[in-house]
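In what follows, every heavy atom counts, from backbone to side chain, and hydrogens, waters and symmetry copies are set aside. Both ligands and their constituent atoms are indexed starting at 1 by order of listing. Position 1 is the first residue of the sequence; numbering continues from there.
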Amino acid sequence: MNILVINCGSSSLKYQVIDSESEEVLAKGLCERIGLDGRLVYQKAGGEKEVTDADMPSHKQAIQMVLDALVNPNTGVFKSLSEIGAVGHRIVHGGERFAASTILDDEVLKAIEECSDLAPLHNPANLIGVRACQELMPNVPMVGVFDTAFHQTMPEEAYLYGIDYDYYEKYKVRRYGFHGTSHSYVSKRAAEILGKPYGELKTIVCHLGNGASICAVKNGKSVDTSMGLTPLEGLIMGTRSGDIDPGAMEYLAKKENLDLEGVMNILNKKSGVQGLSHISSDFRDLEAAAAKGDPAGPRALNAFIYRAAKYVGAYAAAMNGVDVICFTAGVGENGPDTRKGICDYLGFLGVVIDDEANKVRGDEKVISTPDSKVTVLCLPTNEELAIARETVALAGGK
Ligand code: ADP
């Protein structure tokens, strides 16, 4: 079955078409600047990237352009749209309602809408993508795959915040966690690579991209993760602060004469390694600055590495041990220095990195030495493939 995977944001939309039998990507790309001017990027497997500037006043028009490209007689991959068997949608927040992927019917869409308060930037945009696809492909099954679902197995002591329990009962203020599709895919794949039963491993997945989170997976279940009610908590990220004393918000508001929105803007968009370095949110720029002797590069990188190592240590404690540590996403897959920096803190767990193996970028590889007590892996994530697999499982087909 051919699956169209859609990751719809407020002004952009990423897509892939995956043949679920061969698991090959037939075509992929993105629509950018939806509602502004509009640009379609389309790439057929083995083909060149095509960039087309075109009017895209709404998400419906953007998806229509993607569908047109997929059946274009010259560069398309299908003769007709009936070859698309199902559509898998990334949905950011499923609240406590969704512990697994689900077919998107009217009742489910209403429940996702009810979770919008928890992810006001993401869920409404995800829903716009779903509704546009429903209009354009009315008879094709749609499946929602939630970033939060994998973490619904967390025990109460991991998901409760230390605030009045009424706020949990009334408003569901708690840790939810994100990147669940990635943490699930990577932890499962690690078990396959090591030839060990998924249900018997203690795995820590470090998803280090622009957004970054770490997850403790015990016996195949997420038992803790660093992002919280929102994706702001936890690690220092590209532009997000991660953990910070909530008291600092009041202090900053007073000093800078800001309202809550102004403080949140700082913590979400002007913090992280970008804020710490004043150079960039991109680790390549920070490493280049460090190589030139600019102390702002190491200042940001060291803080990032230290915070990540602390979380790995905490999760080893939470699981009473760790068998496997996986590095994934942009920095995790492509940043040997960051991986090495984190692992250098973990000698007490018996982690020993093989410097030669750790040169790997973007490939699956064991990067620990044979005598390391914990196996460390570089393991590229594949959220689209994970979404396609979930979609086939629910839509029925092969
Ligand atoms: P997201 O999906 O959260 O936007 P990604 O997982 O794509 O993020 O990661 C993007 C980050 O990965 C970039 O900001 C950059 O810092 C880092 N990155 C990508 N390629 C490399 C590389 N070759 N070396 C070091 N860092 C890299």
For Lys340, the option from Ile305, Ile367, Ile353 that meets side-chain contact (heavy atoms from CB on, under 4.5 Å):
Ile353
Under 4.0 Å between a side-chain nitrogen and a carboxylate oxygen: does that hold for Lys60 and Glu135?
yes
Counting only heavy atoms on the protein side, is anything nearer than 4.0 Å to atom 3 (O) of ligand 1?
yes
In terms of residue, atom name and distance, what is the protein heavy atom nearest to atom 13 (C) of ligand 1?
Asp282 OD2, 3.8 Å
NZ/NE/NH1/NH2 to OD/OE distance under 4.0 Å, Glu364 and Arg189
yes
Less than 3.5 Å between some nitrogen or oxygen of Asn334 and one of ligand 1, yes or no?
yes
So, the side chain of His151 versus the backbone of Phe178: is there a donor-acceptor pair under 3.5 Å, distance only?
yes
Leu30-Leu70 co-clustered via ILVMFWY side chain contacts under 4.5 Å
no
N or O contact, Asn210 vs ligand 1, cut-off under 3.5 Å
yes
Hey, does Gly211 sit under 4.0 Å from ligand 1 if you only count heavy atoms?
yes
Numbering the atoms of ligand 1 from 1, which are under 4.0 Å from a heavy atom of Phe283?
15 (C), 16 (O), 26 (N)
Say whether Tyr311 and Val273 are linked into one hydrophobic cluster, either directly or through other cluster members, by side-chain heavy-atom distances under 4.5 angstrom.
yes
Any N or O on Leu208 sitting closer than 3.5 Å to an N or O of ligand 1?
no
Suppose I only count heavy atoms of Ala329 and a 4.0 Å limit; which atoms of ligand 1 are within that range?
6 (O)
With a cut-off of 4.0 Å, which atoms of ligand 1 are near a heavy atom of Val331?
12 (O), 16 (O), 17 (C)
With a 3.5 Å distance limit and no angle check, can you tell me whether Asn123 reaches the backbone of His93 through a side-chain donor-acceptor pair?
yes
Whether Arg361 lies under 4.0 Å from ligand 1, heavy atom
yes
Less than 4.0 Å between a side-chain N and a carboxylate O, is that true for Arg284 and Asp282?
yes
Suppose we measure from atom 6 (O) of ligand 1 to each protein heavy atom; which comes out shortest, and what is that distance?
Gly330 N, 2.9 Å
With heavy-atom distances below 4.0 Å as the criterion, list the atoms of ligand 1 near Gly209.
5 (P), 6 (O), 8 (O), 9 (O)
Does a salt bridge link Arg131 with Glu113, judged by any charged N lying under 4.0 Å from a carboxylate O?
yes
Evaluate Gly335 for polar contact with ligand 1, using N/O atom pairs at a separation under 3.5 Å.
no
